[in-house]
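These notes are about the structure you will find just below.
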Amino acid sequence: MMTNLPKIYEPQAIEGKWYQFWLQNKYFHAADISDKPQFSIVIPPPNITGSLHIGHALDNTLQDCLIRWRRMQGYNALWMPGTDHAGIVTELVMERQLVEEGTNRTALGREGFEQRMWEWKEESGSYIISQLQQLGCSCDWERERFTLDAEFSVAVRTAFVQLYNQGLIYRDTYMVNWCPHCNTAVSNLEVEPKEIDGHFYHIRYPVKGSDVQLEIATTRPETMLGDTAVAVHPEDERYQHLIGKMAILPIQNREIPIITDEYVDREFGTGMLKVTPGHDTNDYEIGKRHNLEQRNIFTPDAHMNENAGEKYVGLSRWECREQLVADLKIANYLVKIVPHRHAVGHHDRCDTIVEPSISLQWFMNVRPLAQQAIEAVKKGEVKFIPERETTRFYHWMENIEPWPISRQRWWGHRLPIWYCTVCNAVIAAMEAPHECKCGATQFTQDEDVLDTWFSSGLWPFVTMGWPEETAALKTFYPNSVLVTGWDILFFWVARMLMFGLACMNEVPFRKVYLHGLVADEKGQKMSKSKGNSIEPLETITTYGTDAFRFALVNAGTTNPYVPLPESQIETGKRFANKIWNAARFTLMNLEKHPIPASERLDMPQRTAQDLLEIAWIRSRLSRTIKTTTDALENFRFHEAIQTVYAFLWHEFCDWYLEFAKQRLAHGEPRALWVASGVLEQGMRLLQPFMPFVTEEIWHQLSHNGMRHTSGDSPSITVAPWPELAAEDLQVEEIMETVMVVIDNIRSIRGELNVPMGAAVAVLIQSPDATVRERLRTYLGQYLPAFMRVESITIAENVSKPPASAEAVIGKLVIYIPLEDVIELESERARLNKRHQQVVKDITAAQKTLDNPNFINRAPAKVVEQKRGQLERLLSEQAKLARSLAALTE
RNA sequence: GGGCGGGUAGCUCAGGUGGCUAGAGCGACAGCCUUACAAGCUGUAGGCCACAGGUUCAAGUCCUGUCCCGCCUACCA
């Protein structure tokens with residue numbers, strides 16, 4: 001038998017054990033074919049080489065709660081796990097590692113580099129998985145996938161070729177965001193505009209055959225080396241005479257036309273725009289409209305190329321800027337430099353300032369798919385929670401631009417594109433072609449790899465076996481829910497939707513729950529680089545996994561930023577300890593009072609013999625089950641855990657167990673037996689949130705004489721979700737009457753500092769026979785659970801004993817004679833405070849009831865309530881006034 | 001420039017479709033080692049629900065405006 005349960009809950013002692021138990025018994029496994037209803041979630045695959053950060057912890061805890069809850073409800077619940085190769089980020093980390101080793105990726109070569117990446121993946125790849133397991137995640141690990149595994153490769157090629165054949169994937173020369181550090185094109189989404197303090201450089205451009213000098217403002221003087229025009233607004237009166245003339249580009253002394261374009265803002269700067277079609281998106285558009293030359297002045301790593309002129313070749317962008325400005329100044333072309341704050345695009349992965357450049361890239365025309373996705377959402381095939389995200393989604397999708405999908409990198413899915421070495425024909429195919437239509441048999445495969453989001457966009461169906469028509473695909477697609485942070489709505493969610501519609505002809509998931517990002521106490525997003533982040537594993541070691549999960553779920557609102565103060569984790573730890581001790585108490589007493597075989601603990605309907613507190617706790621439990629279930633249905637995680645917390649702590653522990661103690665003291669163990677039943681159900685309710693401590697307690701209960709009410713389940717993980725018993729409003733109302741009286745007596749004792757050991761006499765006066773009857777029956781049973789009681793007197797009329805404290809609750813009055821302790825002053829103060837409050841409430845209620853419109857228009861029920869309230873208040877006020885008068889005498 | 005979210009106790013936050021006296025956790029104060037838990041128990045204090053109007057019998061909740069804070073988004077060089 002037990003009794004050696006430690007007084008303090010020790011999470012470290014049990015967590016590993018239970019996780020292994022769950023794994024060994026395959027409780028997390030979902031069947032491909034099942035009679036049960038399906039429920040499926042795919043994990044947002046974490047970076048293979050990453051480690052668990054606070055954002056993962058929140059995201060995965062919420063998913064685990066949903067999966068564990070549905071599993072208990074009897075769903076065939078699949079949580080599909082896996083990892084992402086994560087393209088550029090991963091490469092960058094590896095590159096840093098290589099530099100430390102004194103080498104670099106060029107030295108290794110493509111094959112050597114890829115091999116290193118795979119080796120690294122093999123050795124560090126399971127790290128993040130083991131961390132997810134420490135967090136308690138109940139993924140179906142047998143199914144684990146990787147976005148770069150062999151099956152994925154087939155799927156990616158299949159999708160690519162299909163989209164290519166539909167004309168949705170094409171190759172084009174276009175202006176893209178170029179990252180000079182990563183040496184690749186990136187998409188708009190990967191560019192983060194950041195405000196920086198820069199300058200406006202005002203530069204003079206002479207006009208050919210004239211003394212006029214144009215004054216042009218720019219934030220990037222070095223790009224003038226690529227200027228091929230100067231533009232003004234067609235209706236700008238100031239410059240009409242210059243239109244069509246040639247300007248002379250300083251330093252290079254190149255002639256460039258002065259053109260007109262609607263794009264130019266007359267109000268901004270000098271109303272005159274230098275046009276650099278090769279390195280500015282807007283200028284590129286202007287250039288196309290006017291057929292201007294596109295001059296590329298940068299090398300891929302953003303140094304100046306030969307087009308920049310001899311003097312500048314080889315300089316970096318910033319060196320060139322400095323040199324050029326100096327040269328302009330000497331040649332007297334520089335008018336002034338003024339400080340100017342503006343947004344500059346940075347590559348989100350390496351924080352390098354991107355260089356818009358023209359290059360030959362592969363694009364995906366996402367517009368038609370975006371339209372389909374919008375329609376699917378409008379038809380309700382997918383729902384966003386919170387709803388406001390729908391607006392953001394529409395806005396993005398309606399303005400979507402072609403997606404550059406090729407990356408000049410090595411770690412990723414290589415484009416399934418081959419070029420004929422003879423006729424340059426472009427062939428998209430699953431494998432290298434054998435023969436070109438020109439007869440040639442030699443091909444080279446495109447060097448580029450796909451944007452990492454291309455493959456993760458296929459995640460919901462590739463993980464289920466696509467392009468094969470597998471049973472899993474049939475069973476689990478579309479997924480039930482997707483849970484992720486709002487910050488990757490466009491990156492990932494939108495893409496999955498489009499790919500799902502393109503490849504499966506069906507949305508990938510029914511609901512998308514977008515939670516906030518974890519922030520510190522100042523509302524700043526937690527991140528390692530800011531140094532303000534909570535380390536999940538350290539937290540788990542210090543507080544225990546369940547405590548951590550408690551805090552995460554409790555914070556899991558849909559606010560854009562969710563603070564996670566340490567105190568919340570502390571609360572989780574205390575809560576775990578609280579229920580641990582409730583179990584300890586229950587078990588210790590069950591040893592002395594074993595449950596007889598005839599006893600039913602499964603919360604059936606109330607029977608006439610039931611003790612009031614048993615009927616009450618049953619009703620409260622039932623309400624808790626209902627509220628918790630409802631909250632989970634609607635993704636209100638905070639409400640769900642708050643409900644269970646409040647029930648277990650403040651109803652079960654604070655009241656019910658105290659009642660049970662009282663019963664035990666009188667040799668009546670039944671309330672205790674029921675306590676074990678309530679606790680068992682409470683553990684089941686809490687299991688999705690705090691799986692470890694609940695499993696431990698649940699087993700302790702079963703190994704120590706308690707017969708479970710959850711059938712033959714071998715683990716709480718697969719035990720049924722608690723079922724509703726009937727709520728009993730009358731029982732709750734009776735108990736409420738008793739509790740209010742007890743609260744008031746406690747309050748008197750507390751305020752008047754009555755020592756714990758002192759027994760009190762309680763006199764209660766009530767004009768209501770029903771109330772008197774209830775209190776006569778029950779107060780004597782329950783009051784002694786909380787204090788020493790000398791006697792209880794209940795009557796229609798009670799005369800106030802001398803030197804007594806009193807409390808008035810509506811028409812009911814409680815007197816407690818306290819000859820030894822009472823101080824008239826403090827008693828008067830107490831009553832006076834209450835009296836003032838009552839008078840205030842009376843005024844308000846009176847005012848409402850005096851309004852004829854209220855009587856006429858408010859629902860009868862509301863009017864009646866208000867009248868009842870006023871009546872009670874008036875009665876209370878009268879009694880308080882009388883007592884105050886008596887005290888003053 | 002456009003859009004979204006927020007402003008409720010000292011702090012962090014709850015407050016489905018308006019309706020009894022606006023809640024919780026943490027913190028503060030006072031008192032308790034009451035035989036499950038001092039990581040506990042009991043009691044107390046603390047709110048012009050940002051501000052100003054409006055709708056309504058009734059507003060923390062709905063509408064309009066204002067002021068702050070945060071975020072997303074946009075081509076102002």
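Worth saying up front: this structure is predicted, and the values here are computed from it rather than measured. Note on naming: letters A, B, ... go to the chains in the order of the sequence lines (proteins, then strands), and numbering restarts at 1 for each one.
Using a 4.0 Å cut-off between a side-chain N of Lys or Arg and a carboxylate O of Asp or Glu, A/Arg317 and A/Glu222 do not qualify as a salt bridge. Note on A/Glu389 versus A/Arg392: salt bridge recorded, some NZ/NE/NH1/NH2 to OD/OE distance being below 4.0 Å. Ion pairing between a basic and an acidic side chain is recognised when a charged N comes within 4.0 Å of a carboxylate O; A/Lys288 and A/Glu285 show no such pairing. A salt bridge links A/Lys661 and A/Glu658; the closest N-O separation between the charged side-chain nitrogens and carboxylate oxygens is under 4.0 Å. Here A/Asp630 pairs with A/Arg636 in a salt bridge; the nearest charged N to carboxylate O distance falls below 4.0 Å.
A ring-ring contact (aromatic ring centres under 6.0 Å, His included) with A/Phe550 is found for exactly one of A/Tyr543, A/Phe689, A/Tyr645, namely A/Tyr645.
Comparing the C1' positions of B/A58 and B/G1 gives an interatomic distance of 41 Å, to the nearest angstrom. Spacing between B/C63 and B/G19 at atom P, rounded to whole Å, works out to 15 Å. B/C33 and B/C48 are spaced 37 Å apart, taking the P atom of each and rounding to whole Å. Nucleotides B/U56 and B/A45 are separated by 38 Å at their P atoms, to the nearest Å. Nucleotides B/G10 and B/A50, compared at atom P, are 13 Å apart to the nearest Å. If you take atom C1' in B/A22 and the same atom in B/A14, they sit 11 Å apart, rounded to whole Å. Taking atom P in both B/U8 and B/C49, the straight-line distance is 11 Å, to the nearest Å. To the nearest whole angstrom, the two P atoms, one in B/C41 and one in B/G27, are 12 Å apart.
Note on A/Arg636: a base of the nucleic acid sits closer than 4.0 angstrom, heavy atoms only. Residue A/Glu751 is in sugar-phosphate contact alone, with no base atom involved, counting any heavy-atom pair closer than 4.0 Å across all strands shown. Contacts of A/Thr281 with the nucleic acid, taken as non-hydrogen atoms under 4.0 Å apart, are absent. Backbone-only engagement by A/Lys833 is indicated by non-hydrogen atom pairs under 4.0 Å involving sugar-phosphate atoms exclusively. Residue-level contact check: A/His202 touches neither bases nor backbone, having no heavy atom under 4.0 Å from any strand. Residue contacts shown for A/Pro193 are absent, as no nucleic acid heavy atom lies under 4.0 Å away. Looking at heavy-atom distances under 4.0 Å, A/Asp265 makes contact with a base. Among the atoms of the strands shown, none is found under 4.0 Å from any heavy atom of A/Asp261. Using a 4.0 Å heavy-atom cutoff across all strands shown, A/Tyr263 reaches at least one base atom of the nucleic acid.
In A/Glu195, the CD atom is crowded: over 12 heavy atoms of neighbouring residues, nucleotides or ligands sit closer than 6.0 Å.
One interatomic measurement links the two molecules: CD1 of A/Ile216 to P of B/A77, which rounds to 15 Å at whole-angstrom precision. One can place CD of A/Glu389 at 10 Å from C1' of B/G5, the figure rounded to the nearest angstrom. If you take CD1 of A/Ile569 and C1' of B/U12, they are 13 Å apart, rounded to a whole angstrom. Rounded to whole Å, atom P of B/C72 lies 21 Å from atom CD of A/Glu398. Between the CD atom of A/Gln568 and the C1' atom of B/C11 there is a distance of 12 Å, rounded to whole Å. In this structure, CG of A/Asp280 is placed 10 Å from P of B/A77, rounded to the nearest angstrom. The nearest whole Å value for the distance from the CG atom in A/Asp283 to the C1' atom in B/C76 is 12 Å.
Mapped onto RNA chain B by nearest heavy atom, A/Ile855 and A/Met272 fall at different nucleotides, with A/Ile855 at the one closer to the 5' end.
When each of B/C4, B/A77, B/C13 is scored by its nearest atom to the side-chain atoms of A/His638, the top-ranked nucleotide is B/C13. Comparing atom distances between the A/Pro563 side chain and each of B/A74, B/U12, B/C4 picks out B/U12 as nearest. Across B/C75, B/C76, B/G5, the shortest atom-to-atom separation from the side chain of A/Asn282 is found for B/C75. Candidate nucleotides B/C20, B/A77, B/G19 were compared by shortest atom distance to the side chain of A/Arg872, and B/C20 ranks first.
Dashed line: the shortest gap from a side-chain N or O of A/Asn851 to OP1 or OP2 of B/U56 is not under 4.0 Å. Of the side-chain N and O atoms in A/Ser567, none sit less than 4.0 angstrom from OP1 or OP2 of B/C11. Close to B/G25, at under 4.0 Å from its OP1 or OP2, lies a side-chain N or O of A/His650. Within the structure, a side-chain polar atom (N or O) of A/His340 is placed less than 4.0 Å from OP1 or OP2 of B/A77.
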### Query
In dot-bracket, 5' to 3', how would RNA chain B read with Watson-Crick or G-U wobble pairs under 3.5 Å, [ ] for crossing ones and | for pairs to another strand?
(((((((..((((.....[...)))).(((((.......))))).....(((((..]....))))))))))))....

### Message
Under the criterion ring-ring contact (aromatic ring centres under 6.0 Å, His included), I'd like the reasoning laid out for A/Phe490 against A/Phe393: C-alpha separation, chi angles, the key distance, then a yes or no.
### Response
CA-CA 8 Å; A/Phe490 308 142; A/Phe393 175 79; 7.9 Å; no

### Task
Determine, stepwise, if the pair A/Thr228 / A/Thr276 fulfils side chain to side chain contact (heavy atoms under 4.5 Å, CB included).
CA-CA 6 Å; A/Thr228 52; A/Thr276 320; over 6 Å; no

### Query
Where along nucleotides 29-39 of chain B does protein come under 4.0 Å, by heavy atom, of base (B) or sugar-phosphate alone (S), with - for untouched nucleotides?
---S-B-BBSB

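Ring-centre distance between A/Phe384 and A/Tyr513: not below the 6.0 Å cut-off. For A/Trp655 and A/Phe786, the ring centers are positioned less than 6.0 Å apart.
Every residue meeting the salt bridge (charged side-chain N to carboxylate O under 4.0 Å, His left out) condition with A/Arg238, not counting sequence neighbours, appears here in chain and number order: A/Asp236.
Because its glycosidic torsion is more than 90° from 0, B/G40 is reported here as anti.
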